[in-house]
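Count residues from 1 along the sequence.
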Amino acid sequence: MSEIKVLKKMKIDEALNANVWDVDHRPHIIVDYEKCRKLCDKKVCTLLCPAGCYTLTGGEILFSYEGCVECGTCRIVCPHEAVTWNYPLSGRGVQYRFG
């Protein structure tokens, strides 16, 4: 008899909780908050970051790099180039766990 395996779809929160982060003492993403404040009215990073690292509080962006999945979305979607994004130091950052 063959066994049928049913795959369960995971919510993004469940998938992120399965990963491990080795956070460096310096962030690998730097946000120019002055550009955000003066130039950006849409704040698309708050809508498109899959890890929810960008939040809007009192009309201003708050960024928490610790949960970053290193996809680079923020760097691509920022219309004012307010995000400087570099890969974390070797061996640091998100460590994906599959399974």
Does V77 have any side-chain contact (heavy atoms from CB on, under 4.5 Å) partners at least two apart in sequence or in another chain, and if so, which? V44, L48, T73

Are C49 and C74 close enough that some pair of their side-chain heavy atoms sits under 4.5 Å apart? no

For K38, salt bridge (Lys or Arg N to Asp or Glu O under 4.0 Å) partners two or more places apart: E34

Nearest heavy-atom contact between T55 and T46 is C-CG2, 4.0 Å

Please list all pairs passing the salt bridge (charged side-chain N to carboxylate O under 4.0 Å, His left out) test where one or both residues lie in residues 44-55, with sequence neighbours left out. none

Just grab all the salt bridge (charged side-chain N to carboxylate O under 4.0 Å, His left out) pairs involving residues 42-62, residues at least two apart or on different chains. R37-E60

Side-chain (H80) to main-chain (L39) donor-acceptor, under 3.5 angstrom: yes

Under the side-chain contact (heavy atoms from CB on, under 4.5 Å) rule, collect the residues that match up with S64, sequence neighbours excluded. E66

Nearest 0.5 angstrom please: C78 SG to D32 CG, how far? 9.0 Å

Nearest 0.5 Å please: distance from the SG atom of C71 over to the CD1 atom of I76. 7.5 Å

If you measure from CD on E81 to NZ on K35, what distance do you get to the nearest 0.5 Å? 6.0 Å

Using the ring-ring contact (aromatic ring centres under 6.0 Å, His included) rule, collect all pairs that involve residues 36-63, keeping only residues at least two apart or in two chains. Y54-F63

What are the two closest non-hydrogen atoms of V83 and I29, and how far apart are they? CG1-CG2, 3.6 Å

Just verifying a value: how many Å separate L56 CG and C45 SG, rounded to the nearest 0.5 Å? 8.5 Å

